[in-house]
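For the numbers below, each heavy atom of this structure counts, side chains included, while hydrogens, waters and symmetry mates do not.
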Amino acid sequence: EAYLEGRREVVELMKSRRIDDAITRLQELAAAFPDEPQVENDLRRAIAHRDEVARKAAFAKERESLQGLVTSREFEQAVYKTQELMAIFPQEPELVDLLDRAREARDRAARKEAYARRRKDFEELVRNRDFDAAVTAVERLVAEFPEEPELQEDLRRTRAARNQAQHKTA
């Protein structure tokens with residue numbers, strides 16, 4: 001009777017997510033009823049459940065931290081942290097996707113920065129009326145960033161400005 005009451009208590013404790021209390025009660029039951037093999041099985045399962053809940057909570061916290069790094073554009077740190085997490089949580093397939101996304105975000109940001117820097121250099125050449133160098137610069141931009149629609153118009157205008165400047169000096 002005491003054994004059955006103890007098992008009912010354990011079930012209620014598990015339902016209310018009081019896992020540590022359930023483990024304590026199972027340990028008490030195991031000591032009081034050493035001939036009951038089910039108690040040891042339940043104890044092992046409860047401990048495994050507690051450990052899994054803790055692992056999932058730790059992973060969720062780390063994933064949130066990782067997302068914060070990506071949001072704050074700390075891509076190198078995000079890639080490094082994801083690789084670190086893959087060693088700690090090898091059973092989480094989501095990390096492979098997170099690593100790919102962090103790398104893609106890093107690469108997109110680097111590409112965007114390179115475009116902005118090279119475009120600024122091109123615009124400076126135009127302002128300084130160095131049209132030969134500006135045409136070369138914008139041609140390189142077109143080759144490297146063909147997805148940027150304004151570059152074709154920049155190339156056309158820069159060539160026209162170069163031709164006009166050459167006619168004035170001739």
> How about Arg73: does its CZ atom have over 12 heavy atoms from other parts shown lying under 6.0 Å from it?
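Check fails, neighbour count at 12 or below.
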> Determine whether Val79 and Ile88 fall in the same hydrophobic cluster, where Ile, Leu, Val, Met, Phe, Trp and Tyr are linked whenever their side-chain heavy atoms lie under 4.5 Å apart.
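Yes, it is one cluster - the side chains of Val79 and Ile88 are joined through contacts under 4.5 Å.
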> Provide the closest heavy-atom pair for Leu141 versus Leu151 in the form atom of the first, atom of the second, distance.
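Leu141 and Leu151 have their closest heavy atoms at O-CD1, 3.5 Å.
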> What residue among Arg162, Arg118, Arg159 forms salt bridge (charged side-chain N to carboxylate O under 4.0 Å, His left out) with Glu139?
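Only match with Glu139 under salt bridge (charged side-chain N to carboxylate O under 4.0 Å, His left out): Arg159.
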> Distance from Arg55 atom CZ to Arg50 atom CZ, nearest 0.5 Å?
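Reported to 0.5 Å precision, the distance equals 14.5 Å.
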> Which pair of non-hydrogen atoms, one from Ala137 and one from Phe122, has the smallest distance, and what is that distance?
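Reported closest heavy-atom pair: CB-CB, 4.3 Å.
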> Sequence neighbours left out, what passes side-chain contact (heavy atoms from CB on, under 4.5 Å) with Arg108? Give chain and number order.
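Once residues adjacent in sequence are excluded, the partners of Arg108 under the side-chain contact (heavy atoms from CB on, under 4.5 Å) criterion are Glu104, Ala105.
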> Indicate, with yes or no, if Phe59 and Val96 share a hydrophobic cluster defined by side-chain heavy-atom contacts under 4.5 Å among Ile, Leu, Val, Met, Phe, Trp and Tyr.
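Per the 4.5 Å side-chain linkage, Val96 and Phe59 are co-clustered.
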> Mind checking whether Leu69 and Tyr80 have side chains closer than 4.5 Å, heavy atoms only?
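The answer is no, as the side chains (C-beta and beyond) never meet within the 4.5 Å cut-off.
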> With a sphere of 6.0 Å drawn around OH of Tyr3, does it hold more than 12 non-hydrogen atoms of other residues, nucleotides or ligands?
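Result for OH/Tyr3: enclosed.
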> Crowded around Arg8 CZ? As in, over 12 foreign heavy atoms under 6.0 Å?
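Check passes, neighbour count above 12.
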> Within this structure, what is the CG-CD distance for the pair Leu4 and Glu9, rounded to the nearest 0.5 Å?
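With rounding to 0.5 Å, CG (Leu4) is 11.5 Å from CD (Glu9).
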> Can a salt bridge be assigned to the pair Asp97 and Arg101 using a cut-off of 4.0 Å between side-chain N and carboxylate O?
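Looking at Asp97 and Arg101, the cut-off is met.
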> If we only count heavy atoms from C-beta on, is the Arg7 to Val11 side-chain gap below 4.5 Å?
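No, every pair of side-chain atoms sits at 4.5 Å or beyond.
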> Please step through side chain to side chain contact (heavy atoms under 4.5 Å, CB included) for the pair Glu62 and Lys81, ending with a clear verdict.
CA-CA 9 Å; Glu62 292 294 342; Lys81 183 168 187 81; 2.7 Å; yes
> Would Phe75 end up clustered with Leu98 when hydrophobic side chains under 4.5 Å apart are linked, directly or stepwise?
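No, Phe75 and Leu98 fall in different hydrophobic clusters.
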> When you look at CZ of Arg111, are more than 12 heavy atoms from neighbouring residues, nucleotides or ligands closer to it than 6.0 Å?
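Atom CZ in Arg111 is crowded, with more than 12 foreign heavy atoms closer than 6.0 Å.
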> Which heavy atom of Leu26 sits nearest to which heavy atom of Ala46, and what is that distance?
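So the minimum-distance heavy-atom pair works out to CD1-CB, 3.8 Å.
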> Examine Ile47 and Leu13 and state if one hydrophobic cluster contains both, with Ile, Leu, Val, Met, Phe, Trp and Tyr joined whenever side-chain heavy atoms are less than 4.5 Å apart.
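Different clusters: Ile47 never reaches Leu13 through Ile, Leu, Val, Met, Phe, Trp or Tyr contacts under 4.5 Å.
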> Going by an N to O cut-off under 4.0 Å, is there a salt bridge joining Arg119 and Glu123?
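Salt bridge present between Arg119 and Glu123.
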> Is there a donor-acceptor pair under 3.5 Å between the side chain of Thr24 and the backbone N or O of Asp20?
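Confirmed, Thr24 side chain pairs with Asp20 backbone.
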> Please determine whether side chain to side chain contact (heavy atoms under 4.5 Å, CB included) holds for the pair Leu29 and Glu36, giving the CA-CA distance in whole Å, both sets of side-chain angles, and the decisive distance to 0.1 Å.
CA-CA 9 Å; Leu29 286 172; Glu36 291 290 342; over 6 Å; no
> Give the intermediate values and the outcome of side chain to side chain contact (heavy atoms under 4.5 Å, CB included) for residues Leu99 and Leu95.
CA-CA 6 Å; Leu99 179 61; Leu95 287 172; over 6 Å; no
> Group every Ile, Leu, Val, Met, Phe, Trp and Tyr by side-chain heavy-atom contacts under 4.5 Å, then state whether Val10 and Ile23 land in the same group.
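Yes, one cluster joins them.
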> Donor-acceptor pair, His167 side chain versus Asn163 backbone, under 3.5 Å?
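Indeed, once roles are kept as given, a pair shorter than 3.5 Å links the two residues.
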> Answer yes or no: does atom CD of Glu1 have more than 12 heavy-atom neighbours from other residues, nucleotides or ligands under 6.0 Å?
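Counting other residues, nucleotides and ligands, CD of Glu1 stays at 12 neighbours or fewer.
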> Using the side chain to side chain contact (heavy atoms under 4.5 Å, CB included) rule, take His49 and Ile19 through it: C-alpha gap first, then chi angles, then the decisive distance, then the call.
CA-CA 8 Å; His49 179 70; Ile19 299 167; 3.3 Å; yes
> Taking side chain to side chain donor-acceptor pair (under 3.5 Å) as the test, write out the residues that go with Arg156, two or more places apart.
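Partners of Arg156 by the side chain to side chain donor-acceptor pair (under 3.5 Å) criterion, ordered by chain and then number, come out as Glu153.
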> Does Glu64, at its CD atom, have more than 12 non-hydrogen atoms belonging to other residues, nucleotides or ligands within less than 6.0 Å?
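At most 12 heavy atoms, drawn from other residues, nucleotides or ligands, come within 6.0 Å of this atom.
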> Minimum heavy-atom separation for Val138 and Asp154, please, with both atom names.
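Of all heavy-atom pairs spanning Val138 and Asp154, the closest is CG2-CB, 3.8 Å.
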> Within the structure provided, determine whether Arg25 and Arg18 are in side-chain contact (heavy-atom separation under 4.5 Å).
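Counting from C-beta outward, Arg25 and Arg18 never come under 4.5 Å.
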> Can you name the side chain to side chain donor-acceptor pair (under 3.5 Å) partners of Glu94, sequence neighbours left out?
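Glu94 satisfies side chain to side chain donor-acceptor pair (under 3.5 Å) with Arg63 once adjacent residues are dropped.
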